[in-house]
Amino acid sequence: MANAVGLLAGYALDRVLGDPRRWHPVAGFGQAASALERRLYRPDRTAGTAFTALAVGGPVLLGAVAAAVTRHRPVTRAVLVAAGTWTVLGGRTLRHEATVMGRTLRDGDLPAARRRLGHLCGRDPSTLGESELARATVESVAENTSDAVVAPLLWGAVAGLPGLLGYRAANTLDAMVGHRSTRYARFGTPAARLDDALNLVPSRLTGLLTIAVAPVAHGERQRAWRVWRRDRNDHPSPNAGQCEAAMAGALGVRLGGRNVYFGRSEVRPFLGDGPRPEARHLKRAARISGAVGLAAVGLAAAYPVTLGRLVGAVSRRALIGAVGRRGPSAAPGGHALAGVAGDAGARRGSGR
């Protein structure tokens, strides 16, 4: 219950306040990870694996210690989960950037819109017109609704504080070193693979939720479902296509095409049918992102007190049974050991 309350409170803080304006913990983590990278960097995957394990393991350990210390302090646990959730979410900022980009494009201020794009993605905006700037924004909103909203909430629901902090650490590392550049082609691979694995379920959930909430932005569920099923696996990323295809179907636009980054370019397959995105689509994309976030926090808050409790009970029963089976063959006191384990299991259950 403490985790559920904390997730709801942290989501509310992000919804109302957005990201902390100063002393953002994620920025501090990025600085620490950069310092660690300078010490460990070599152009091979072994060094990248060590870097990823240390950089992600630290926040996970911190979260695990905090969870253990607050095991019998539900109010303190809820406060910590709320603070952690607020720190790792980025939903309000994402929607704000999409709204500002839409307003800037409607005003016809392309230089300002090009400068603004760097807040959302790493593409080179110097030659982009309205349609390409709008497309980049829609794609970023779709993908980051999973990365910055649904995935943190899901991992917070499943694994509490360690899940929240560990996921955000892995996702931040992917943004730092997970791209295909000369420096990070091998060193960044472990971070990219970990981020892909952690987002397999959240990205698909994001796609399904996008389809479900499409009508809030005057979209059609049937079209979104059809496009998602048809196009979601065409994207080179195992996860981004899930979100982008659903958003393309919900908005009735076509995403994909040539993306120009600083020093390289990529050609992505087309996702969806219809016209290319325009400024008018950005407000609708932001509305869908917000609705997906609301649905996700509802599911996340429900998990610890429903399915999560059931999973915990089954796990404890399996552990008690395993200890009981080993007991008689190990020593005459085996049954007593099983009884102690059973009492401990009961205390864990009541503690939650």
Side-chain angles (χ1 to χ4, degrees), residues 2-7 9-11 13-14 18-41 45 47-71 73 76-91 93-94 144 146-179 184 187-203 239 296-297 300 303-304 308:
N3 282 350
V5 171
L7 288 168
Y11 179 84
L13 287 171
D14 176 71
D19 289 333
R21 295 184 179 275
R22 299 181 62 186
W23 309 105
H24 199 303
V26 175
F29 169 79
Q31 294 174 356
S34 295
L36 181 63
E37 178 196 338
R38 289 193 292 271
R39 288 180 173 272
L40 298 181
Y41 178 81
R45 293 184 182 180
T49 299
F51 167 70
T52 302
L54 290 172
V56 176
V60 170
L61 180 61
L62 177 64
V65 170
V69 170
T70 59
R71 181 178 173 188
R73 297 178 174 84
T76 305
R77 167 76 68 83
V79 169
L80 288 179
V81 172
T85 303
W86 177 36
T87 296
V88 304
L89 291 183
T93 299
L94 181 63
N144 284 297
S146 176
D147 289 356
V149 183
V150 177
L153 290 171
L154 181 63
W155 283 107
V158 172
L161 277 168
L164 283 168
L165 302 184
Y167 171 77
R168 178 48 64 207
N171 189 248
T172 303
L173 287 192
D174 179 59
M176 293 173 61
V177 306
H179 42 86
Y184 296 124
F187 181 82
T189 298
R193 295 291 180 266
L194 176 60
D195 183 71
D196 285 345
L198 293 177
N199 279 291
L200 282 173
V201 174
S203 63
N239 300 316
V297 75
Y303 178 86

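Predicted model, so just to flag it, every value in this text is computed and none were measured.
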*Keeping the roles fixed (side chain from R77, backbone from A67), state whether a donor-acceptor pair exists under 3.5 Å.*
yes

*Just jot down the ring-ring contact (aromatic ring centres under 6.0 Å, His included) partners of H179, sequence neighbours excluded, or say none.*
Y184

*Provide the closest heavy-atom pair for V56 versus G166 in the form atom of the first, atom of the second, distance.*
CG1-O, 3.9 Å

*asked:* Just verifying a value: how many Å separate L165 CG and L80 CG, rounded to the nearest 0.5 Å?
replied: 9.5 Å

_Heavy-atom pair with the smallest gap, counting every atom of P162 and A64_ = CG-N, 3.5 Å

*Partners meeting ring-ring contact (aromatic ring centres under 6.0 Å, His included) with F29 (sequence neighbours left out)*: none

*asked:* For L164 versus G84, what's the shortest heavy-atom pair and its separation?
replied: CD1-C, 4.3 Å

*Could you tell me whether a side-chain N or O of W155 sits under 3.5 Å from a main-chain N or O of P202, the two making a donor and an acceptor?*
no

_The single option from D14, L7, D19 passing side-chain contact (heavy atoms from CB on, under 4.5 Å) against L89_ = D14

*Looking at P152 and S146, what are the two nearest heavy atoms and their distance?*
CD-O, 3.9 Å

_Which heavy atom of A296 sits nearest to which heavy atom of V150, and what is that distance?_
CB-CG2, 4.0 Å

*Without hydrogens or angle criteria, can the side chains of Y167 and N199 be said to hold a donor-acceptor pair below 3.5 Å?*
yes

*Gap separating the OG1 atom of T85 from the CG atom of L13, nearest 0.5 angstrom*: 9.0 Å

*Taking C-beta and beyond as the side chain, do L173 and T52 meet within less than 4.5 Å on heavy atoms?*
yes

*Return the minimal non-hydrogen interatomic distance between A66 and L161, and the atom names on each side.*
CB-CD1, 3.9 Å

*Under 4.5 Å between any side-chain heavy atoms of D196 and N239, yes or no?*
yes

_Is there a side-chain contact between V26 and T172 in this structure, where contact means two heavy atoms from C-beta onward sitting under 4.5 Å apart?_
yes

*Which distance, rounded to the nearest 0.5 Å, do you find between the CG of L198 and the OG of S203?*
11.0 Å

*Does the side chain of R168 reach to within under 4.5 Å of the side chain of T87, using non-hydrogen atoms?*
no

_If the condition is ring-ring contact (aromatic ring centres under 6.0 Å, His included), which residues does F51 pass it with, not counting sequence neighbours?_
F187

